[in-house]
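Comments concern the structure below.
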There are 2 protein chains.
Amino acid sequence: MHRNRVTSRDVAKMAGVSRTTVSLVLNNVQGIQISPETRQKVIQAAKELGYVPDAMAQALVSRRTKAIGLVLTRTHHHIATDAFLPKIISGLLTTAKQHNIRILIDWVETEHQESAYFELARAKRIDGMILSTPRLDDKAIRALESADIPTVLMGSVVGSTLPFVDVDNVAAAEKAASYLIELGHREIACISNAPPEYTAAPERVQGFRNAMARAGVPVNERLICYADFDPESGYRSMKSLLESGERFTAAFVASDNVAIGAKSALREAGLRIPDDVSLVGFDDIPWARYSDPPLTTIRLPAEALAQQACSLLLNLIQGKGNRENHHIILETELIVRKSCKAIQ
Amino acid sequence: MHRNRVTSRDVAKMAGVSRTTVSLVLNNVQGIQISPETRQKVIQAAKELGYVPDAMAQALVSRRTKAIGLVLTRTHHHIATDAFLPKIISGLLTTAKQHNIRILIDWVETEHQESAYFELARAKRIDGMILSTPRLDDKAIRALESADIPTVLMGSVVGSTLPFVDVDNVAAAEKAASYLIELGHREIACISNAPPEYTAAPERVQGFRNAMARAGVPVNERLICYADFDPESGYRSMKSLLESGERFTAAFVASDNVAIGAKSALREAGLRIPDDVSLVGFDDIPWARYSDPPLTTIRLPAEALAQQACSLLLNLIQGKGNRENHHIILETELIVRKSCKAIQ
DNA sequence: CTTTTCTACTAACACGTGTTACTAAATCGT
DNA sequence: ACGATTTAGTAACACGTGTTAGTAGAAAAG
């Protein structure tokens, strides 16, 4: 059929009313009087023609696109190996669906950050955006604070006034390290999840330090290192730790995805978990409980995080609440499995 | 600033020209004459005001939203545990970025499929869509064939005329099974990646059967079962296989994600890989090479698949090529690691 | 019977852009 | 010097919707 675009005008013509009436009926506008039979005629015509309002036209006139952006700022490779992304998307999708909102994924290359955020905002393709895993040195974030587009961070940035949703990384890491210390370990390695520019990384190291300090255990600085999100980096980090000759009986690896590689390096060195080295992870990705041995880890409520971020953003968009002091912190939980052993 | 919306009219006013001229200059329309100094004035004004054209208005008038949809049809839980999604998204993102196209993720609940696809198409929020992991019994797919929206499937559906991008699942599975047979195994279990409604699942089983038939090895039907995407289902499948009492010296698990759970079940039963049971996976997710032992698997070029799907869709949108007979099949590769052992 | 109120609608504008048809001035050819 | 062509630009329409202001007719009030 050549006449494949059905507009509200077609519906109006078929129902024998004006286009305005069609709009009023289909949007169920309150406080206006339309006779029941006219109402019925319009609904019938719309159904018969298979009328679906043009989203772009609606967006243009209402200044609402009914879409929010999930903005990824990491490299191609890091996105591809991110074991966490599916949960984020799943969480976002459920909350967004409830409000009849779509999700637009966008990828901002690090070099063009400043302009890219703004183009996205100015083009008004989305009503608001969620920034995932922000970096401390991300200058564009400062700029966004004064911009006019609602923004929620997943993961906090110190000193930023933007709303965020996060876990208490320091407390969570402290929980993990304390567990190892309670088991009698004193020589503990710490491999953080990412380079220090990503805020969660130094926070988790800080949590590790706090636990050590609180227990009066000296920290060996040479046992602290920073991985880079993926298993490969975990493998390299653990390998260089082993080659350094420093002794350790346990390791806190602040990301399960990184732990996948770290475990592999330990195995290659002939070390067994938990007999030779105890291991605690972070995140509780699906793999963790099926790992050999099942990995003791900190459960990060990824989907809930995403859902909260989405709800918060939707509130911001609707203008509910002031845009400052919107900080949501979710609870973490230590999941004890079989990768740790007490020192006798 | 209260006057935060910059339109082309503002640019026109500042440059002292008409709105038409602004449009002509900024879109670099060929075959029209504008003096260099006017051109410069417009560009200068646009930059000074930080003008970014309104995407919705552009979409409305051009009938192009510059966005494509990635439509997920699986359950909440399956999306959250899909170890494959990040690669798909990464691949889509790279190709889309090159063409300055955005990606809209949408989630269609199985009950509302028929209407949901159409609303998406009719609302014209996207220029085309990519359907991931289609089901054989998806009636809506038939309907889409006669619809007016460009659609590409990731994974084929037998009997559908829609363009698709896929690997040769039969041949790939055959490769995996043949490898096990060449190592001397004759009692081989087969755990497919998903329920039979998902096209890839029976195809991979068929490949397994072909290999067995070609080598003249009888197939034990009780050693064939279907998992459900996630590690949990792999664990259950392997467990019931072990409890059935049927003997097998090797297993072909048609999904690495499922293999994560299957391995866990084997371990619990006190069976060692590869000494007691040889294992071949499918997909080559990042975990596979760091697994213990490193998993021999079929590499599925997920990112390339996504990129091809994206390119194909963009061609379709631009009207290049007829919409039938667009079938792209990518190559798979057997990656031999350490999870298999020859039978003496 | 006239005026007011209510009912059931509709005409017209706004959103911000791309594009076609048109025009006034300048240049050119002879 | 005068029509023909080129140059440089503009006015006006279209895209499809939401919404405000307004109106004809009927009912109610005085």
Side-chain angles (χ1 to χ4, degrees), chain A residues 3-43 45-46 49-67 119 121-127, chain B residues 3-43 45-46 49-67 119 121-127:
Chain A
R3 181 83 194 89
N4 53 16
R5 186 93 208 119
V6 178
T7 76
S8 67
R9 184 165 281 112
D10 299 325
V11 177
K13 190 157 290 177
M14 181 164 179
V17 297
S18 78
R19 216 176 51 67
T20 305
T21 306
V22 173
S23 173
L24 294 176
V25 169
L26 297 183
N27 292 336
N28 225 332
V29 176
Q30 299 299 322
I32 207 125
Q33 311 279 10
I34 305 276
S35 76
E37 52 262 36
T38 306
R39 203 174 278 271
Q40 204 47 49
K41 263 193 299 182
V42 169
I43 291 173
L49 292 170
Y51 169 67
V52 178
D54 185 295
M56 297 303 124
Q58 282 182 318
L60 178 58
V61 67
S62 72
R63 315 302 303 144
R64 285 280 145 80
T65 64
K66 304 207 121 199
E119 285 195 25
R122 282 249 151 76
K124 285 281 179 196
R125 195 184 284 277
I126 52 180
D127 297 331
Chain B
R3 181 85 195 88
N4 53 17
R5 186 90 211 123
V6 179
T7 76
S8 68
R9 183 166 282 110
D10 299 324
V11 177
K13 192 158 289 179
M14 181 165 179
V17 296
S18 78
R19 217 176 49 66
T20 305
T21 305
V22 172
S23 173
L24 294 175
V25 168
L26 296 183
N27 291 336
N28 225 333
V29 177
Q30 299 300 320
I32 208 119
Q33 311 279 7
I34 305 277
S35 78
E37 53 262 35
T38 306
R39 202 172 280 270
Q40 202 49 48
K41 262 192 301 182
V42 170
I43 291 172
L49 292 171
Y51 169 67
V52 178
D54 184 295
M56 296 303 124
Q58 281 183 317
L60 180 58
V61 67
S62 71
R63 313 304 301 143
R64 285 281 147 80
T65 65
K66 302 206 124 202
E119 283 194 27
R122 281 248 150 76
K124 285 280 178 198
R125 194 183 285 277
I126 51 179
D127 296 332

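In this text, all values refer to a predicted model and were calculated from it rather than measured experimentally. The sequence lines fix the lettering, A, B, ..., with proteins before strands; numbering per chain opens at 1.
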Do the side chain of [X] and the main chain of [Y] share a donor and acceptor less than 3.5 angstrom apart?
{"X": "A:Q33", "Y": "A:G31", "value": "no"}
{"X": "B:T65", "Y": "B:R125", "value": "yes"}
{"X": "A:D10", "Y": "A:T7", "value": "yes"}
{"X": "B:S8", "Y": "B:R19", "value": "no"}

Counting C-beta onward and ignoring hydrogens, is there a side-chain heavy-atom pair between [X] and [Y] closer than 4.5 Å?
{"X": "A:I32", "Y": "A:Q30", "answer": "no"}
{"X": "B:Q58", "Y": "B:R64", "answer": "no"}
{"X": "A:R39", "Y": "A:N28", "answer": "yes"}

Where chain B begins and ends its contact with DNA chain D, read 5' to 3' at 4.0 Å from heavy atoms: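 Under 4.0 Å from chain B, the extent on DNA chain D is D:dT7 to D:dG16.
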Of residues 51-60 of chain A, the positions that come close to DNA chain C - non-hydrogen atoms, cut-off under 4.0 Å: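 Going residue by residue through residues 51-60 of chain A, the ones with a heavy atom under 4.0 Å of DNA chain C turn out to be A:L60.
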Annotated protein contacts, base or backbone, on nucleotides 23-29 of chain C with a non-hydrogen cut-off under 4.0 Å, one of B, S, - each: -------
Relative orientation of the end axes in the helix from C:dC1-D:dG30 to C:dT30-D:dA1, expressed as an angle to the nearest 10° (five pairs per end):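 End axes: 60° apart.
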Sequence-distant partners of A:R9, salt bridge (charged side-chain N to carboxylate O under 4.0 Å, His left out), two or more places apart: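 Not a single residue meets the salt bridge (charged side-chain N to carboxylate O under 4.0 Å, His left out) criterion with A:R9.
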Shortest non-hydrogen separation from [X] to [Y] and the atoms involved:
{"X": "A:K66", "Y": "A:D127", "value": "N-OD2, 2.8 Å"}
{"X": "A:V42", "Y": "A:V11", "value": "O-CG1, 4.0 Å"}
{"X": "B:A15", "Y": "B:A45", "value": "CB-CB, 4.1 Å"}
{"X": "A:Y51", "Y": "A:V6", "value": "CD1-O, 3.5 Å"}

Distance-only polar pair, side chains of B:S23 and B:T20, donor-acceptor under 3.5 Å: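 B:S23 vs B:T20: no donor-acceptor pair found between side chains.
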Sugar-phosphate only, base, or nothing, as touched by B:S8 at under 4.0 Å among non-hydrogen atoms: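 Sugar-phosphate only.
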Side chain to side chain contact (heavy atoms under 4.5 Å, CB included) evaluation trace for B:M14 with B:K41: CA-CA 9 Å; B:M14 181 165 179; B:K41 262 192 301 182; over 6 Å; no
Basic-acidic side-chain contact under 4.0 Å: A:D54, B:R63: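 A salt bridge links A:D54 with B:R63.
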Atom-pair distance (CZ on B:R63; C1' on C:dT19), nearest Å: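 Going from B:R63 (CZ) to C:dT19 (C1'), I get 15 Å.
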Please enumerate all protein N or O atoms sitting under 3.5 Å from an N or O of nucleotides 5-12 of chain C, with distances to 0.1 Å.
| from | atom 1 | to | atom 2 | distance (Å) |
| --- | --- | --- | --- | --- |
| C:dC9 | OP1 | A:T38 | OG1 | 3.1 |
| C:dC9 | OP2 | A:S35 | N | 3.0 |
| C:dC9 | OP2 | A:S35 | OG | 2.8 |
| C:dC9 | OP2 | A:T38 | OG1 | 2.9 |
| C:dT10 | OP1 | A:S18 | N | 3.3 |
| C:dT10 | OP2 | A:S18 | N | 2.7 |
| C:dT10 | OP2 | A:S18 | OG | 2.8 |
| C:dT10 | OP2 | A:T21 | OG1 | 2.4 |
| C:dA11 | N6 | A:T20 | OG1 | 3.0 |
| C:dA12 | N6 | A:T20 | OG1 | 3.4 |

